[in-house]
Structures are given as structure tokens and as C-alpha cells.
Amino acid sequence: MSNIRVRFAPSPTGFFHIGSARTALFNWLYARHTGGTFVLRIEDTDKERNSEDFLNVIYDSLKWLGMNWDEGPGVGGDYGPYRQSERDAIYKEYIRKLFDAGRAYEKDGAVWFKLLGERYETFDDHRKKTVEKVKVAPTVIDDLIRGRVERVEDEDFVIVRSDGSPVFHLVNVIDDIAMKITHVIRGEDHLSNTSKHVELFKAFGAPVPHFAHIPLILKQNGPGKMSKRDQGALVEEYQRRGYIPEALVNFLSLLGWNPGDDREKMPVAEIIRLFDLPGVNQSNARFDDKKLAHMNMTYVLELPPDDFVARAKAYFARHGTFAAGMPDENYLREVLLLSQPKIKGIEDLPGYTEYFFTENFSLNEKAAAKIMGKGDPKTRLLELADALKTVDFSNDLVIEEAIKKLAADKGLGFGDYQSIARLAVSGTNVGPNLTGMFRVLGRDRVLARIERFLARQ
RNA sequence: GUCCCCAUCGUCUAGCCCGGUUAGGACACCACCCUUUCACGGUGAGAACCGGGGUUCGAAUCCCCGUGGGGACGCCA
């Protein structure tokens, strides 16, 4: 165990989004890479906007993504409590220290942090008012990702609201001191705040932690950073849609970081081994759901059968796919394993396998028009139905041989029977291997569907 | 408006630190191959160093200035 301590400090004011998840991930990866400690701290000082529901979404999402925390709500630790709403006594003590050191004063009912230096007044164009500024030397931030950054922090700022509640900048710093955080890894949107934080650390006489400001994730379309309202921004949405969490972690790790070579799909253990702060990019990255979907597909393809079946069933249960009752266990498994190599994600399953579970499946008109317009599909179907009557449906190969023999007898190919057979039996032109599909459906149903199809034409 | 950060294919990026590459990979797109549909897979094509100045024999790489993008300027976090 190293003495590196990092923290992820979300505020439960909305659903957990991709950008927050990536910040959490980089902290977690760094902790695991260095053998350090990953602390989860809840910044719930904004009483108006906080909610327990949002808090639970954060816990669930972190767990789902496999980011376990070493200290924090639920697991405890030596530096608790880990919810800011429960740390009032600690903040009061630190605020007193600031008063004692002459670095805090009251004004308009609020408490302000006092900068040291000569004061002067100037008009602020942006805020349209006269403000008091202080002549100070620039604050230097040594950022592990950006390098040396200088920023002038030249205005006193509020640290305790007039209602007595401490503001973010203050509690953030106090907690980082009290929790002995050594590395602050957070989004670049905080870079401008960092000068405030550094001044506070100094005023408390505490060591300034290392900072690492990671690039932001920009929305897929249009300007600006990704926000909770953007399409595809919510972690729980991917969970709901049956995404493989490892795939999302893998994808997120590649947004602003890379292993230094061409590898993309990597087990998390490998990402942990390779991850380091200096390797993080400095420029913002645009979110690309197609690339995420592709990454997810590669994970789905490699899932062990039992695992795939379990995830699919969980998805069906969550979405009420079989509201009328779950199908037979073994039958469902056969259908799923037939589909696994073909789909892009778990969410495709209900649509892809619909006709396995009902006789009332829809007919894809476009596909039908195309197939019925070529050759003599009805005759082919008649021939096929006749040939299949005596075939043993317990084996893909036997079915395949039968169709091939029929085709050979008629001087045709397998393909001449396939598309019309698939259309008649499944109502579509896409699907799993035809003979596998026949086997799973069973001879009676296949024949009945062909007959019904013929009757309709 | 002020301050801070950033800048390679449409997108994610390698290369930059320590100047010399046909500027590489992936997603997406297109074509072809494989094939029992659709996918997967394979092969190939198109596609980028933001602009201008320097420094240098030589600049994607180092410096400066523009421009563009992003962020911060709350008694939000």
C-alpha cells in the first residue's frame, strides 16, 4: 500500500453522467495503479439540489462499473464521515483557524477569505460593478498533466454563506486536508478554481496536493462540454440498455488516455497496469457513441455462454420482455446462443429473437417484396416443406444436408431456398444461421409457419 | 469583457519531450473477399499536421503572433 490517496467527490444534484464517471475512473485507476487509496466523498452541501435518489444512482453506477472505494459511505474509514453534510463540526474548527490566523472576516453576513496584499478598487465589465482587488503575486499550480500554470487570484471570496453553510471551495480544501488527499484528479473545468484552493491550502498551513486536471468530454454534436441533458450522457442509461460495464470502462479509459501503442481493447487489469497521469492528454475529447457501441460489441462477442445468457435474462427481466411468462429455460438458452455471435448488443435481443417466442411476429414488408420478386419463391417453399417433412430436426447438419440435397436434385443452390424459407419462418431477411434456427424452432413449427405463409400469398 | 487551458483524418488518437516517418492505428464511411441471410472476420480506398511568421540544412515536432475550440469568472458544485 502506497500512501497515495485520491478521491472522487461527486455532488448528488443530478444523474451520474459520463464525464463524472470518467473522472471517477481516472482516480480509481490511479489508486489501483499506485497501490493507493480511493476515497469516495459526497459533496452534498447544496441542500436545495441534493437528493438521496441521485446519491443511490452514484453508488449503483460506481459499483456497476467495478469501481470499488476503499473509504467512504458504506465502507467507512479513518477520516469520516464521508458526507459533507455530516462534517459541520470539522468545518467550524477549520474556519476558526482561519479567523485566528487573520485570514477570514465577516461581511454582509457571510464569511470571506482574506487575501494578503495592497487593496484597490476597479470596475468589472463582466459583473458591471466596482470590485475590490488585491495586488498579489500569481498563484503557481504545478499540474501533473498541464505543467506549470499561473493564475492571479486577486479578489477575496465567500467561504461561508450568510445562512451559515460553507461553500464548495472551502469544504473541498478542508476535506482534502483532513482526509490527507495527496493527488487531486478532476476535470479541467476546475483549473480556474485551483488558485483559490491553493491559497486556502497555504492559509491553513497545509501541504498543497498534486493536481491533475484531466480534459473534458465534449458533447457529440454541437458546442460545449457534455452535460447531463445530452443524449447518451447518463451512465445508468448504458446499464439499462444492457451494455457490458467492462466495455464502458475500456471506452472511457481511452477518452484522454492511451496505453502508448495501438491497443484499444484491454482488460481492466492491463489498463490499471499501464495507466499513469503523465500519459493523460491535454485536449478535450468528443464523445462518440458509435465507437462505444463497437467496443461493447467486441465484449459481447467474447462473453462465455453462461455469462451471456445470464446478462440477457437480466435484461429481459428488467424490461418486462416476457411479461406473459418466461419461456422454457433450455429453449431460451438455445435461442440466445444462436443470436450471440450476430448481435451488436444485449439490447438488440428482443427484436432479433421475437419470432422465436410468438407465432404473431411481424412481416418485414420491404424484405418480403424483395424476396418475393425474385425467381419462383412459392415453388421453392413448397418443395422445401415437402422435403422437410421427414427430416430429423435435432441436428443442424442433418437439416442442412436435406436442403442441400433438395437443391442439388433441382439443380439449384442452398441460397435459392434460404431467403424465402427465412422470410416464411421469421418474417425477415436477417437472423441467425438458418438450420440452427430451424432446429431450435422444431419441425412442426417450421412446417406450420411455411404452410401459413403459403396460404397468405 | 478578463483570466486559464487546448489545437494531427468526420471522431478517438500514435508520433511532439529528445526536429529527418510513404504521418501509424481504431471508429465511421465506401469497395472487394469470405459466406447459407445478416453480422463477424479479411483486404483495400478515401480522409489530417488550423493559419502566418521565425529558429534550422531540415519543423507535425522548438519559439512568437493570429485564429479556432473549451473552461472559469456565484453566498452552485
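Every chain is numbered from 1, with letters handed out A, B, ... down the list of sequences.
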For this session: Whole angstrom is fine here: how far is it from NZ in A/K265 over to C1' in B/G25?
Result: 17 Å
For this session: Taking only the side-chain heavy atoms of A/H190 (C-beta and beyond), determine which of B/A77, B/C4, B/G70 contains the nearest atom.
Result: B/A77
Exercise. Can you name the closest pair of heavy atoms from A/G345 and A/N296 and give their distance?
Worked result: CA-ND2, 3.9 Å
Problem set entry | Between P of B/C3 and CD of A/E155, the distance in whole Å | 14 Å
Show me the protein contacts with nucleotides 38-43 of chain B, counting only N or O atoms at under 3.5 Å.
unit_1, atom_1, unit_2, atom_2, d
B/C38, N3, A/K342, NZ, 2.3
B/C38, N4, A/K342, NZ, 2.7
B/A39, O2', A/K342, O, 3.1

Seminar exercise, completed: Using Watson-Crick geometry (N1-N3 plus N6-O4 or O6-N4) or G-U wobble (N1-O2, O6-N3), each under 3.5 Å, B/C9 is paired with none
For this session: Give A/L191 one of three labels, base, sugar-phosphate or nothing, depending on what nucleic acid heavy atoms sit under 4.0 Å from its own.
Result: sugar-phosphate
Problem set entry | C1' gap between B/C49 and B/C38, integer Å | 39 Å
For this session: Pull out every residue in residues 413-422 of chain A that has a heavy atom closer than 4.0 Å to any atom of RNA chain B, ordered by number, or say none.
Result: A/F414, A/Q418, A/R422
Problem set entry | Ring-ring centroid check A/F168 A/H190, cutoff 6.0 Å | yes
Problem set entry | Greater than 12 external heavy atoms within 6.0 Å of A/K405's NZ | no
Exercise. Just to confirm, is there a sub-4.0 Å distance from OP1 or OP2 of B/C6 to any side-chain nitrogen or oxygen of A/Q282?
Worked result: yes
Exercise. Is the closest side-chain donor-acceptor distance between A/S253 and A/R22 under 3.5 Å?
Worked result: no
For this session: Give one of base, sugar-phosphate or nothing for A/N433, where a contact means two heavy atoms less than 4.0 Å apart.
Result: base
Exercise. Given that A/K290 and A/P223 both sit by RNA chain B, which one's nearest nucleotide is further toward the 5' end?
Worked result: A/K290
Seminar exercise, completed: Pairing partner of B/A60, by Watson-Crick or G-U wobble and under 3.5 Å for both distances, is none
Exercise. Can a donor-acceptor pair be found between the side chains of A/E237 and A/Y243 at a distance below 3.5 Å?
Worked result: no
For this session: Could you measure between the two P atoms, the one in B/U43 and the one in B/C27, and give it in whole Å?
Result: 12 Å
For this session: Let me know the distance between CG of A/D154 and P of B/C4, rounded to the nearest Å.
Result: 11 Å
Exercise. When the distance from CG of A/D189 to P of B/G74 is rounded to whole Å, what number comes out?
Worked result: 15 Å
Problem set entry | Strand partner of B/C50, provided both Watson-Crick or wobble distances fall under 3.5 Å | B/G66
Exercise. Is A/S339 reaching over with its side chain to a backbone N or O of A/V335, donor-acceptor style, under 3.5 angstrom?
Worked result: yes
For this session: Starting from the C-alpha separation in whole Å, work towards a yes-or-no answer on side-chain contact (heavy atoms from CB on, under 4.5 Å) for A/I145 and A/F211.
Result: CA-CA 8 Å; A/I145 293 169; A/F211 289 102; over 6 Å; no
Problem set entry | Pair of N/O donor and acceptor under 3.5 Å linking B/C75 base with A/S162 side chain | yes
For this session: Please determine, for B/G19, whether a Watson-Crick or G-U wobble partner exists with both distances under 3.5 Å, and give it or none.
Result: none
Exercise. Is the NZ or CZ atom of A/R186 both under 6.0 Å from the centre of the six-membered ring of A/Y30 and within 45° of that ring's axis?
Worked result: no
Exercise. When we call it a touch if two heavy atoms are under 4.0 Å apart, what does A/T13 touch: a base, just sugar-phosphate, or nothing?
Worked result: nothing
For this session: Determine the interatomic distance between P on B/G25 and the same-named atom on B/C6; round to the nearest Å.
Result: 28 Å
Exercise. Cut-off 3.5 Å, side chains only: do A/Y120 and A/E132 have a donor facing an acceptor?
Worked result: no
Problem set entry | Side chain proximity check, A/N27 to A/F38, heavy atoms < 4.5 angstrom | yes
For this session: Report which part of the nucleic acid A/Q220 touches: base, sugar-phosphate, or nothing (heavy-atom distance under 4.0 Å, all strands).
Result: nothing
Problem set entry | Proximal nucleotide (of B/C75, B/U36, B/C4) relative to the A/V158 side chain | B/C75
Exercise. Could you give the CD-to-P distance, from A/E150 to B/U2, as a whole number of Å?
Worked result: 19 Å
Seminar exercise, completed: Closest of B/C5, B/C75, B/A77 to the A/S11 side chain is B/A77
Problem set entry | A/K202, NZ: over 12 other non-hydrogen atoms inside 6.0 angstrom | yes
Problem set entry | Base-pairing mate for B/U2 - Watson-Crick or G-U, with both contacts under 3.5 Å | B/A72
For this session: Please measure how far the P atom in B/A7 lies from the corresponding atom in B/A14, and state the result in whole Å.
Result: 10 Å
For this session: Just name whichever nucleotide pairs with B/C30, Watson-Crick or G-U, keeping both distances under 3.5 Å, else none.
Result: B/G44
Exercise. When the distance from CD of A/E400 to C1' of B/U37 is rounded to whole Å, what number comes out?
Worked result: 14 Å
Exercise. Within the side chain of A/W112, is there an N or O that forms a donor-acceptor pair under 3.5 Å with the backbone of A/I159?
Worked result: no
For this session: Could you work out the separation of B/C30 and B/C16 based on their P atoms and round it to a whole Å?
Result: 34 Å
Problem set entry | Full working for salt bridge (charged side-chain N to carboxylate O under 4.0 Å, His left out) between A/E93 and A/R96 | CA-CA 5 Å; A/E93 186 191 323; A/R96 182 181 315 282; over 6 Å; no
For this session: Send over the distance from A/M372 CE to B/U37 P, rounded to a whole Å.
Result: 19 Å
Exercise. B/G71 and B/C17: how far apart are their C1' atoms, nearest whole angstrom?
Worked result: 26 Å
Exercise. Expressed in whole Å, how much space separates the C1' atoms belonging to B/C62 and B/A47?
Worked result: 28 Å
Exercise. For A/R380 and B/U37, what is the distance between atoms CZ and C1' respectively, to the nearest whole Å?
Worked result: 18 Å
Problem set entry | Whole-Å P distance, B/G42 and B/C57 | 47 Å
Exercise. Going by distance alone, is a donor N or O of one side chain under 3.5 Å from an acceptor N or O of the other, for A/T139 and A/E199?
Worked result: yes
Exercise. Any salt bridge between A/E270 and A/R273, counting N to O under 4.0 Å?
Worked result: yes
List, with names and distances, any nitrogen or oxygen atoms from the protein found under 3.5 Å away from nitrogen or oxygen atoms belonging to nucleotides 11-15 of chain B.
unit_1, atom_1, unit_2, atom_2, d
B/C12, OP1, A/R286, N, 2.9
B/C12, O2', A/L254, O, 3.3
B/C12, O2, A/K291, NZ, 3.4
B/U13, OP1, A/G256, N, 2.8
B/U13, O3', A/N258, ND2, 3.0
B/A14, OP1, A/N258, ND2, 2.6
B/A14, OP1, A/N281, ND2, 3.1

